[in-house]
Amino acid sequence: MRSIRAAATGAVTLSLVLAASACGGGSSTGGGSNDSPKTLTYWASNQGASIEIDKKVLQPELDKFEKQTGIEVKLEVVPWSDLLNRILTATTSGQGPDVLNIGNTWSASLQATGALLPWDAQNFSKIGGKDRFVDSALGSTGVPGQDPAAVPLYSMAYALYYNKQIFADAGIAGPPATWAELVADGKKIQAKGKQVLGAEGANVSENIHHVFVFAKQHGADFFTADGKPDFTDPKVVDAVKQYVDLMAKDKAIPAGNAEYAQNQSVSDFAKGRTAMLLWQSASANLKSQGMSEDAYGIAPVPVQSGTPGTGTQVNSMVAGINLAVFKNTDNLDGATEFVKFMTSDEEQKILNKAYSSIPPVKTAQADAAFTAPANAVLKDTLARSAAALPQVPDESQFETAVGTAVKELFADAAAGRAVTTESVKAKLEKAQQQMPAK
């Protein structure tokens, strides 16, 4: 998911949602209807540098859809800090949109509510077939073996963005390939008076994305094979500590970043304050903040050793946005037609160009617009070295619990409190206790 901009912490927890009868959208019958065939409501996620930018991107396309079909789409762009709670509330109240964007990491959790339309073979046939979509994107659409809860819309991957001038001034020839190289380069960068690596330490979702990758690189996962949380596995503890140590021990992440949660690290990078940034498909965001594409390079996220790949060489989660339909929509046919429109080759090219993301539709992804060097890194990462976050019903609680634990560890580091193996394990043990009982 995108990214992934701010923490979706829970006033409404998924355990409460599962205890309730799940029904979203507008139909009081719970089964969907075509009672309102001329209108749709659409909750879009905040993909651009601001909500206003998203409206400028999306509204012309929605007007185009209305001209083609006669269906008016009422748009609301929802900030990431509110989106998950808004969706969970809608699943219990029945007062939600017809169509909505969801972070792809939430797919299994929202699937478990029963509120979303399942994308079985019949529904996929209405939008051109399941085989139009790349496998990596389909891997984050719900629990394996079940019909997907949503359809891929935007695909993204993390990359390392680095300031060419800062690197040149520090005498660094190219981007680091390993974390050890990044830390060593950081000493040279700091000697020139610049910050090393930006992070969003108070952003729960960003924290999860990074510690998930570190866990993979340590040969670990946060869940057992049967879906039970395993947050205190020694390899998981080591992975979380390595990430937080980028601030606590290595001083690569500035202490002030412990409070960042709203793209401040992107702004620091765009303004030349920070030499490196780990972000999902950042080019459009950087451009909107006045940074020239010539000013920075894009490289794969570092690994422990060697080069990115599968297993312990994973260097990104499979990031992206999925498009879902509430099962009890009042315009089931129109909602399906809208999904078909948004995932058409033409719209996939338009929207993914606007957001510097990668189309999850195979034919659109092959377009020349997505073969530029920047996109080449992202496409290669998605194809070779990205892994989907756990597709388990408790995934959203996992994000909140562990992401908050990492947030607290960053706060400790910023305050000068020791971050030890024992303190990391204690935070993760507390996070595991917050998970629903099995």
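Residues take their numbers from the sequence shown, with the count starting at 1. Just the heavy atoms: all of them, side chains too, but no hydrogens, waters or symmetry mates, feed the values below.
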Between [Y] and [X], do the side chains contain a donor N or O and an acceptor N or O under 3.5 Å apart?
X    : Y    : value
Q242 : D238 : no
Q111 : W106 : no
Q264 : D268 : no
Q289 : S267 : yes
T232 : E429 : no
Y355 : D54  : yes
N331 : D98  : no
Q47  : S45  : yes
Q304 : T312 : no
E200 : Y260 : no

N/O donor-acceptor pair under 3.5 Å between [X] side chain and [Y] backbone:
X    : Y    : answer
E259 : N257 : no
Q313 : T307 : yes
N375 : T371 : no
S265 : G198 : no
Q432 : L428 : no
D394 : Q397 : no
W80  : N46  : yes
T113 : A115 : yes
T141 : A137 : no
K287 : E293 : no

Are any of the side-chain nitrogens in [X] or [Y] under 4.0 Å away from the carboxylate oxygens of its partner?
X    : Y    : answer
K235 : D221 : no
E206 : K407 : no
R86  : E76  : yes
D380 : R384 : yes
K64  : E347 : yes
E408 : K427 : yes

| request: For the pair Y158 and H209, name the ring-plane relationship: parallel under 30°, tilted 30 to 60°, perpendicular over 60°. | output: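 The arrangement is perpendicular - the two ring planes meet at more than 60°.
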
*What orientation do Y243 and F214 show, parallel under 30°, tilted 30 to 60°, or perpendicular over 60°?*
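Ring orientation of Y243 relative to F214: tilted.
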
Write down the atom of [X], the atom of [Y], and the distance for their closest heavy-atom approach.
X    : Y    : answer
L197 : L182 : CD2-CD2, 4.4 Å
S316 : T381 : CB-CG2, 3.6 Å
L75  : A44  : CD1-CB, 3.8 Å
L160 : P300 : CB-O, 3.8 Å
M247 : A258 : CE-N, 3.7 Å
A364 : Q348 : CB-CB, 3.7 Å

Atom pair [atom1] ([X]) and [atom2] ([Y]), whose distance is rounded to the nearest 0.5 Å:
X    : Y    : atom1 : atom2 : value
F231 : K430 : CZ    : NZ    : 14.0 Å
D230 : T224 : CG    : OG1   : 6.5 Å
L351 : M342 : CG    : CE    : 5.0 Å
K353 : D367 : NZ    : CG    : 5.5 Å
F370 : L378 : CZ    : CG    : 11.0 Å
K327 : L116 : NZ    : CG    : 8.5 Å

More than 12 heavy atoms of other residues, nucleotides or ligands under 6.0 Å from CD of Q68: is that the case?
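Yes.
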
- [ ] Might you confirm whether atom NZ of K362 has over 12 heavy atoms from other residues, nucleotides or ligands at distances under 6.0 Å?
- [x]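 More than 12 within 6.0 Å, yes.
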
Can you find a pair of side-chain heavy atoms, one from [X] and one from [Y], that are under 4.5 Å apart?
X    : Y    : answer
L246 : V196 : no
Q365 : V361 : no
S288 : I53  : yes
F133 : L138 : yes
I127 : N123 : no
V339 : W119 : yes
E395 : V392 : yes
M276 : Y161 : no

Practice prompt. Go through the steps for E337 and T69 under the test side chain to side chain donor-acceptor pair (under 3.5 Å), then give the verdict.
Written response: CA-CA 9 Å; E337 190 65 27; T69 64; over 6 Å; no

Test side-chain contact (heavy atoms from CB on, under 4.5 Å) applied to E72 and L62, step by step: CA-CA 8 Å; E72 179 188 4; L62 305 187; over 6 Å; no

Under 6.0 Å between the ring centres of [X] and [Y]?
X    : Y    : answer
F222 : F398 : yes
W279 : F269 : no
Y42  : F338 : yes

Legend entry - Of S140, S107, S155, the residue whose pairing with N322 passes side-chain hydrogen bond (donor to acceptor under 3.5 Å, both in side chains):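 Running side-chain hydrogen bond (donor to acceptor under 3.5 Å, both in side chains) over S140, S107, S155 with N322 returns exactly one hit, S107.
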
